[in-house]
Amino acid sequence: MNGHVTPWLAAYHDGELKGRRLRQVEAHLAECAACRAELEELQKLTTLLYESPAAEGLLPAERFVAQVGLQLERRPTKPAWQRTLETGWRLAPAGLVGAWAFVQAVFIVAGVALIVLQVGGIDVLGLSTVSHSETWPTAILDWLGVGFSDTTLSVLKTLDVLAWGLTLYLTATLAIALLYWSWLASLWARHRHQKLQTQTS
Amino acid sequence: MAFPFLSGLKYTTPNPNCNSRPTLPNKITPDRVKGVERTANEVGRQPALPEETEHKLIAQAQGGDRRAFGELVRCHREGVINVVYRMCGDVNLAEDAAQEAFIRAWKHLPNYRPRSPFRNWVYRIATNAAIDVLRRERETVDVDALPLPNASTGPEAAVQEAERSARVKQAVLELPEASRTVLVLREYEGLSYKEIADTLGIPIGTVMSRLNYARNRLRESLAPCLEDL
């Protein structure tokens, strides 16, 4: 067989090969004396390392555990408020997703209901009682001195209400998104801090 | 798969997951964890705790329970000592390093998350502690000139064996720290490449290259011993 499997011998020796690569190495080993000799060297080295005796004359387990115990710093249990804060922080994403779902549901249901009722002739928005100066589109047109019909007035008043609704919706969604990103950033910072602490230990 | 060339060797292949790991009678205790056979050059190692029990103990220890932490120390003591002993080559240094490792583990335990096995997390701390203890000790004691164990007494065969063991220990100690750590975790603790990578926080490719480097160095420095096998 052409091409030795030298680069894969250590992985084969360590039981790390699987599937096609494993079969390929096995097939090659059955035919190639040079690779078999190389593998045998690895096996001999492992045997030699194993023959080196383990640590002897160790402290009895109980004494070792006791000695470690004596050197442990006192670590006070976290106070209740800190544990509550920790739990709250962990549950924050679920709360934010819930808030986002609530905002979506409220605006979709309210929007659909308002449009259906308003189109159906029920003036739930109270547009008929709103004066020109109370909505921004009509106030602007009044200021410019532009005249408009009752239909145009109705459309402009509806537009005013919808704009306020849309602004409110976008503000709420953006606030939730910002809170969620802040949470993700703090999670990342926390993991990084813990990783550094473990590495330096 | 059985190969004719293996029949001449004095060990057998024990594990289908491990193609050619040798089994030496009376020296290696197989320790099955999560279906992977591990081997350690230790006799009578404390059996691994069931995963659920260990998680419970960790949670209690994270809350400040010293007794629960003591149980964890008892369970992982031998593994940790074995790792640091292979890193340091001296029993007293190994015990110091192992104690320091557990003290550090206690300190950082609130940061431990059970995404990776507790054993791997402790081994990582232990290898760092071993390196620190060794560096500290090198400033005061020449650990490279440790006496050969039992080299001057006993029958000739025992003397030769002791000399060989000392040579092996010395050769391992002469390896660079990074390669030595990988070699110890693989050869003496039987960790897989993935486990070593997770334990040390390095890519699998780096594990393989460090292991290859260590083995090549050992094959050179231990060539006379390997010829005798």
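Per chain, numbering begins at 1; letters A, B, ... match sequence-line order. Bear in mind the structure is a predicted one, so any value in this text is a computation, not a measurement.
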Participant: Might you work through the side-chain contact (heavy atoms from CB on, under 4.5 Å) test for Ser165(B) and Glu51(A), ending with a clear yes or no?
Facilitator: CA-CA 7 Å; Ser165(B) 293; Glu51(A) 280 182 353; 5.9 Å; no
Participant: Compare every heavy atom of Gly57(A) with every heavy atom of Val91(B), then report the nearest pair and how far apart it is.
Facilitator: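 Heavy atoms only, the tightest pair is CG1-O, 4.2 Å.
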Participant: Classify the ring geometry of Phe64(A) against Phe102(B): parallel below 30°, tilted from 30° to 60°, perpendicular beyond 60°.
Facilitator: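 If you compare the ring of Phe64(A) with that of Phe102(B), the planes turn out perpendicular.
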Participant: Given a strict heavy-atom distance threshold of 4.5 Å, which part of Ala98(B) is in contact with chain A: side chain, backbone, both, or neither?
Facilitator: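 Answer is both: backbone and side chain atoms of Ala98(B) are under 4.5 Å from chain A.
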Participant: What part of Tyr112(B) is in contact with chain A, defined as an atom under 4.5 angstrom from a non-hydrogen atom: side chain, backbone, both or neither?
Facilitator: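 For Tyr112(B), no heavy atom lies under 4.5 Å from chain A.
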Participant: List the atom of Ala10(A), the atom of Arg215(B), and the distance in Å for their closest heavy-atom pair.
Facilitator: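 Taking Ala10(A) first and Arg215(B) second, the nearest heavy atoms are CB-NH1, 3.8 Å.
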Participant: Have a look at Arg77(B) and tell me which of Leu58(A), Val68(A), Leu59(A) forms a side-chain contact (heavy atoms from CB on, under 4.5 Å) with it.
Facilitator: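 Output: one option passes, namely Leu58(A).
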Participant: Only pairs of heavy atoms separated by less than 4.5 Å count here; which of Leu183(B), Val168(B), Leu222(B) has the most with chain A?
Facilitator: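 Ranked by heavy-atom pairs under 4.5 Å with chain A, first place is Val168(B).
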Participant: Quick one: what part of Leu200(B) sits under 4.5 Å from any heavy atom of chain A, side chain, backbone, both or neither?
Facilitator: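 Nothing of Leu200(B), per the 4.5 Å heavy-atom cut-off to chain A.
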Participant: Please evaluate residues Arg74(B) and Glu62(A) with respect to the criterion salt bridge (charged side-chain N to carboxylate O under 4.0 Å, His left out), reporting the C-alpha separation (whole Å), side-chain torsions for both, the decisive distance (0.1 Å), and the verdict.
Facilitator: CA-CA 8 Å; Arg74(B) 200 188 317 279; Glu62(A) 287 308 320; 2.4 Å; yes
Participant: To check you understand the geometry: which heavy-atom pair defines the closest contact between Arg66(B) and Gly69(A), and what is its length?
Facilitator: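 So the two residues come closest at NH1-O, 3.3 Å.
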Participant: Excluding sequence neighbours, so at least two apart, what forms salt bridge (charged side-chain N to carboxylate O under 4.0 Å, His left out) with Arg190(A)?
Facilitator: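 Partners of Arg190(A) by the salt bridge (charged side-chain N to carboxylate O under 4.0 Å, His left out) criterion, ordered by chain and then number, come out as Glu86(A).
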Participant: Test Glu95(B) against Arg63(A) for salt bridge (charged side-chain N to carboxylate O under 4.0 Å, His left out), laying out the working first.
Facilitator: CA-CA 12 Å; Glu95(B) 280 193 320; Arg63(A) 220 172 129 195; over 6 Å; no
Participant: Of the non-hydrogen atoms in Ala11(A) and Tyr193(B), which two are nearest, and what is the gap between them?
Facilitator: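 In terms of heavy atoms, the two residues are closest at CA-OH, 3.5 Å.
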Participant: Tell me, do Arg113(B) and His191(A) make a side-chain contact under 4.5 Å, heavy atoms counted?
Facilitator: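 In short, these two side chains do not touch, never coming nearer than 4.5 Å.
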Participant: More than 12 heavy atoms of other residues, nucleotides or ligands under 6.0 Å from CH2 of Trp183(A): yes or no?
Facilitator: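 Yes, the 6.0 Å shell around CH2 holds more than 12 heavy atoms from other groups.
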Participant: Working note: Arg86(B) + Ser52(A), criterion side-chain contact (heavy atoms from CB on, under 4.5 Å); need CA distance, chi angles, decisive distance, verdict.
Facilitator: CA-CA 10 Å; Arg86(B) 300 301 180 183; Ser52(A) 177; 3.4 Å; yes
Participant: How far does CD of Gln43(A) sit from CG of Leu226(B), to the nearest 0.5 angstrom?
Facilitator: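 Between atom CD of Gln43(A) and atom CG of Leu226(B) there are 12.0 Å.
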Participant: Can you confirm whether Lys44(A) sits close enough to Cys225(B) that some side-chain heavy atom of one is under 4.5 Å from a side-chain heavy atom of the other?
Facilitator: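 The answer is no; the side chains never approach within 4.5 Å.
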Participant: Do Lys107(B) and Leu72(A) have side chains that approach each other closer than 4.5 Å (heavy atoms only, starting at C-beta)?
Facilitator: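 No, side chains not in contact.
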Participant: Can you tell me how far the CD atom of Glu16(A) sits from the CZ atom of Arg186(B), to the nearest 0.5 Å?
Facilitator: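 One gets 6.0 Å once the value is rounded to the nearest 0.5 Å.
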Participant: Can you measure from CG (Leu211(B)) to CG (Leu42(A)) and round to the nearest 0.5 angstrom?
Facilitator: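 Here the interatomic distance stands at 9.0 Å.
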Participant: Would you check if the side chain of Tyr188(B) reaches a backbone N or O of Leu49(A) as a donor-acceptor pair within less than 3.5 Å?
Facilitator: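 Flag set: sc Tyr188(B) to bb Leu49(A) pair under 3.5 Å.
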Participant: Taking side-chain contact (heavy atoms from CB on, under 4.5 Å) as the definition, give me every residue that meets it alongside Phe107(A), ordered by chain and number, with sequence neighbours left out.
Facilitator: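 Phe107(A): side-chain contact (heavy atoms from CB on, under 4.5 Å) contacts with Val103(A), Leu168(A), Tyr169(A).
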Participant: Using only atom types and a distance under 3.5 Å, with no angle test, would you say the side chain of Tyr85(B) pairs donor to acceptor with the backbone of Glu56(A)?
Facilitator: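 The answer is no, because no donor-acceptor pair under 3.5 Å joins these two groups.
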Participant: Please check if any side-chain donor atom of Glu187(B) sits under 3.5 Å from a side-chain acceptor atom of Thr46(A), or the reverse.
Facilitator: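 Yes, side-chain donor-acceptor contact under 3.5 Å.
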